[in-house]
Structures are given as C-alpha cells and as structure tokens.
Amino acid sequence: MNAQIAVLPGDGVGPEVVGQARRVLEAVAAKFGHHFEMEEAHIGGGAIDATGESLPAKTLALCRRADAILLGAVGGPQWDAPGTTVRPEQGLLALRQELELFANLRPVRVHPRLKDASPLKAALLEGIDVLVVRELTGGIYFGEKRRDGDRAIDTCVYTVGEVERIVRIACEQARKRAGRVTSVDKANVLETSRLWRATAERVGREEFPDVVMEHLLVDAAAMHLLRRPSDFDVIVTENMFGDILTDEASMLSGSLGMLPSASLGAGPLGLYEPIHGSAPDIAGTGRANPYGAILSVAMLLHHSFDLFQESATVQAAVATAIDAGYLTPDIACDGIETFSTAEIGDAVVANLGSATD
Ligand code: IPM
Ligand code: MN
C-alpha cells in the first residue's frame, strides 16, 4: 500500500525514539512491498522555539492530510518557567482535540525476560494482558480553567455522548479479548463520575450483554492493579484517571519506556506515541528506551492501515530482541549488559528480516 505518515519527533528523547521507530517502518515497507511517505513537522517545545506556537498551523494541516501520525514526546524544563503562557503540552492536547482522537488505547503486557525489571513479585506478573482505554478529549484536561486572584479553577465536564462512545470502544475491544470491562470512576464523590457510571452500566447492559462489566472506584483500582493485575482485561476510564493509571500500569511491564499507545477517532486516522514523556534528563545520551515507540508503530500498522501481519511481525521482532537481551538501562537489572537506543533499533530491524526471507 501507499500511505502518508506525519512524523512529529517533538522534544527531549522524542527524536531519538522516533528515529528508531521510523527505521522500523522503513524496514517493514521494504520487506512487505509498501511505500510509506514520511514527512516531519514541529510540535511542542521545538515548535514554540521555531514559530512561537506549540501546534503550528502547518503541522496540523500535515496531520489532517496524513493517514497516520507518529509522535515522540513533548515538554522540557526550558518551557516550564513560571508565568509561561504557551506550554509544549498544549500542542499535543490541541492535536488530540482538533482531530477528535477521543479513544486512547494503551496495552500493557509483560515480556517474560523483563519480570525482574518490574518492582512487583514475579508471581504477580504471570498472565498480565490489560488494555487501558483512556478517554482522551474530555474531562478536566479540557474543561474551562482560570486564575481568579489567589484561586485557580479547573473544570471537569463529561457528556453522556462522550461516555457512550468511549465505553462502546472498550466493549468492542473486550469482545476481541477476554470479554470483561472494568469501568473506573470516582462515583462516590464526583458528579461526572456518577454520569459516567450510569452511562457505562446502561451501554453495557443494552448494547453488550455478552460483555461482563464491573465498576471500580479509581483509588481502589490503583490498589488492585498492584494486588491482582492479571485479573484485568479491559479498563475504561476518564482522561486524567487513565493518564495516572497507565503510568502505574507501565511498571508491571518493567518501565514507562515499554508502553505504546494509539489515539483513535471515528475514522482510520490515528496518532501513535509511546506513553512516556520527553525524559530531558537522559536526552542525547543514547539511554532512551525505544520499545514503546517501536510498539506504537505496530499499533499504527494494525489500527490505521489494517496491516495485521506487518503489525504482528514488528511485535515478534521486539519480543525476539528482548529475549536476546537487547535492553536499555531502564529495563536491565544491575550488572546486565545494556544497549543504546540505536543498537536496540538495529536489533529489531535485523529481526524483521528482508523481503527475501
Ligand atoms: C500522556 C502525557 C500527556 C497527557 C501530557 C504530555 C500532556 O502524560 O500522553 O500520557 O497527560 O496526556
Ligand atoms: Mn501521561
């Protein structure tokens, strides 16, 4: 197939991990006879420096024209000064909102070789396969916010329609998996959560009677994710709870650097990015873990291009590289040899093999 991919490397380690993800895309294209046209653009801090805006109109236009978007990370201390009005993160939030990418899929799996990298006991890590479906364009992230003298106000808003569509995505995903959905809210305190729970319960009952749905309060969910992680199948939750719970869940897999994500809307266009941030402390050192970005490429091939075999091939190449001990410092135990971001990319690309294999 021929496809256009907008590549937004962003800040910090973003360009390093996206560089390896790009190489993987190129190798997949060569092996399977596809043509991926990749064009880069600024977003985040780099975009602020270049244009004064965190999401320049040119970047947004490129993304709208593209069939898929690959992104690294945004943010960094140089754009954090008190009183700063334009922040790098606003560019990413605006992109998600402008393209109506309301469904953020964050799969959590544990590679057997990485059990020692997780702070949890190995016995608890057996059989973990969780998909977190995070609502991405509503909630407290996008409600009205303002300063009023010595008060600051953030508003959390959800509509029935916003909850219905994300719960449907979660239930549809569950049907392809173990058929269970855990809806996470704070219905004992928040009105938005009471609307969330009632809506999730109704959509589940009326439209997905074959899917088993349970409801958990977010504080209890945070605890159960550590106490009995292998019990979960699909977790669906609002924007901020999903942000927090997926950083927590990433430690089951060994590192924040391992998790990919897909942000989807009503059509095939999707935004693919690792869930980690820009990690400015290690930027430029070659220590960044590119597996989250490379696994995001596997999600891109699957969700935006329907290239299921290609996607599975990338996942297998990653698993083989990890098996063979290609580990960055965040997933290697003390005394184990570690490899650079680019060496990990080399290993994955080598495992993909060529068209003649
Ligand atoms: C994420 C990030 C973003 C978020 C930031 C960079 C705005 O933490 O994708 O999880 O909070 O959504
Ligand atoms: Mn986050």
Side-chain angles (χ1 to χ4, degrees), residues 8-15 17-18 21 42-48 53-55 59-60 63 69-80 84-108 130-143 145 154 156 158 162 166 184 218 221-222 225 235-253 255-265 270-281 283 288-289 291-293 295-296 299-300 303 330:
L8 314 181
D11 308 318
V13 298
V17 298
V18 162
H42 288 301
I43 191 166
I48 296 173
E53 290 174 313
S54 54
L55 178 64
T59 301
L60 181 57
C63 292
I69 305 154
L70 178 66
L71 187 140
V74 295
Q78 61 271 55
W79 304 286
D80 252 351
T84 314
T85 48
V86 197
R87 295 189 55 101
E89 291 81 0
Q90 288 165 351
L92 176 56
L93 298 178
L95 183 62
R96 292 169 177 172
Q97 190 178 41
E98 285 290 333
L99 301 178
E100 291 183 72
L101 303 172
F102 65 88
N104 185 221
L105 311 190
R106 298 185 163 190
V108 184
V130 186
L131 176 67
V132 180
V133 178
R134 170 187 175 194
E135 201 290 327
L136 203 61
T137 52
I140 202 161
Y141 271 59
F142 292 96
K145 49 184 98 243
D154 288 292
C156 184
Y158 268 109
E162 284 173 320
I166 194 72
V184 172
V218 63
L225 257 181
I235 293 175
V236 62
T237 191
E238 69 160 76
N239 205 342
M240 186 153 80
F241 297 161
D243 179 46
I244 298 167
L245 290 179
T246 48
D247 267 33
E248 182 191 3
S250 76
M251 291 314 295
L252 305 170
S253 76
S255 164
L256 190 55
M258 290 303 299
L259 292 204
S261 84
S263 303
L264 309 172
L271 164 66
Y272 301 86
E273 49 173 325
I275 81 155
H276 64 71
S278 61
D281 52 324
N289 181 341
Y291 283 126
L295 290 168
S296 298
M299 294 191 85
L300 181 158
H303 292 280
D330 55 316

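Start at 1 and go down the list; that is how both ligands and their atoms are numbered.
Using a 4.0 Å cut-off to heavy atoms of Tyr141, the atoms of ligand 1 that qualify are 4 (C), 11 (O), 12 (O). Within ligand 1, the atoms closer than 4.0 Å to a non-hydrogen atom of Asp243 are 1 (C), 4 (C), 8 (O), 10 (O), 11 (O), numbered from 1 in the order shown.
Atom CG of Asp11 is separated from atom NE2 of His42 by 10.5 Å, given to the nearest 0.5 angstrom. Interatomic distance, Ser250 OG to Ile275 CD1, rounded to the nearest 0.5 Å: 5.0 Å. Here the CG atom belonging to Leu136 is positioned 10.0 Å from the CG atom belonging to Leu105, to the nearest 0.5 angstrom.
Ligand 1 has at least one atom lying under 4.0 Å from a heavy atom of Arg134. Residue Met240 places every heavy atom at 4.0 Å or more from ligand 1. Under a 4.0 Å heavy-atom criterion, Arg106 is in contact with ligand 1.
The Mn ion (ligand 2) has Asp243 OD1 as protein N, O or S atoms under 2.8 Å away.
Across the listed options Glu89, Glu273, Arg87, Glu89 owns the non-hydrogen atom lying nearest to atom 7 (C) of ligand 1.
The side chain to side chain contact (heavy atoms under 4.5 Å, CB included) test with Ile69 singles out one residue from Thr59, Ile43, Leu99, and that residue is Leu99. Checking Ile166, Asn104, Val236 one by one against Glu135, the side chain to side chain contact (heavy atoms under 4.5 Å, CB included) holds for a single residue, Ile166.
Only the side chain of Arg96 comes within 4.0 Å of ligand 1, judged by heavy-atom distances.
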(request) Determine, stepwise, if the pair Asn239 / Ile140 fulfils side-chain contact (heavy atoms from CB on, under 4.5 Å). (result) CA-CA 8 Å; Asn239 205 342; Ile140 202 161; over 6 Å; no

(message) side-chain contact (heavy atoms from CB on, under 4.5 Å) for Leu245 and Val132? Distances and angles first, verdict last.
(response) CA-CA 9 Å; Leu245 290 179; Val132 180; 5.6 Å; no

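Few gaps surround CD on Gln90; more than 12 heavy atoms of other groups in view lie less than 6.0 Å from it.
A donor-acceptor pair shorter than 3.5 Å cannot be found between the side chains of Ser263 and Arg96.
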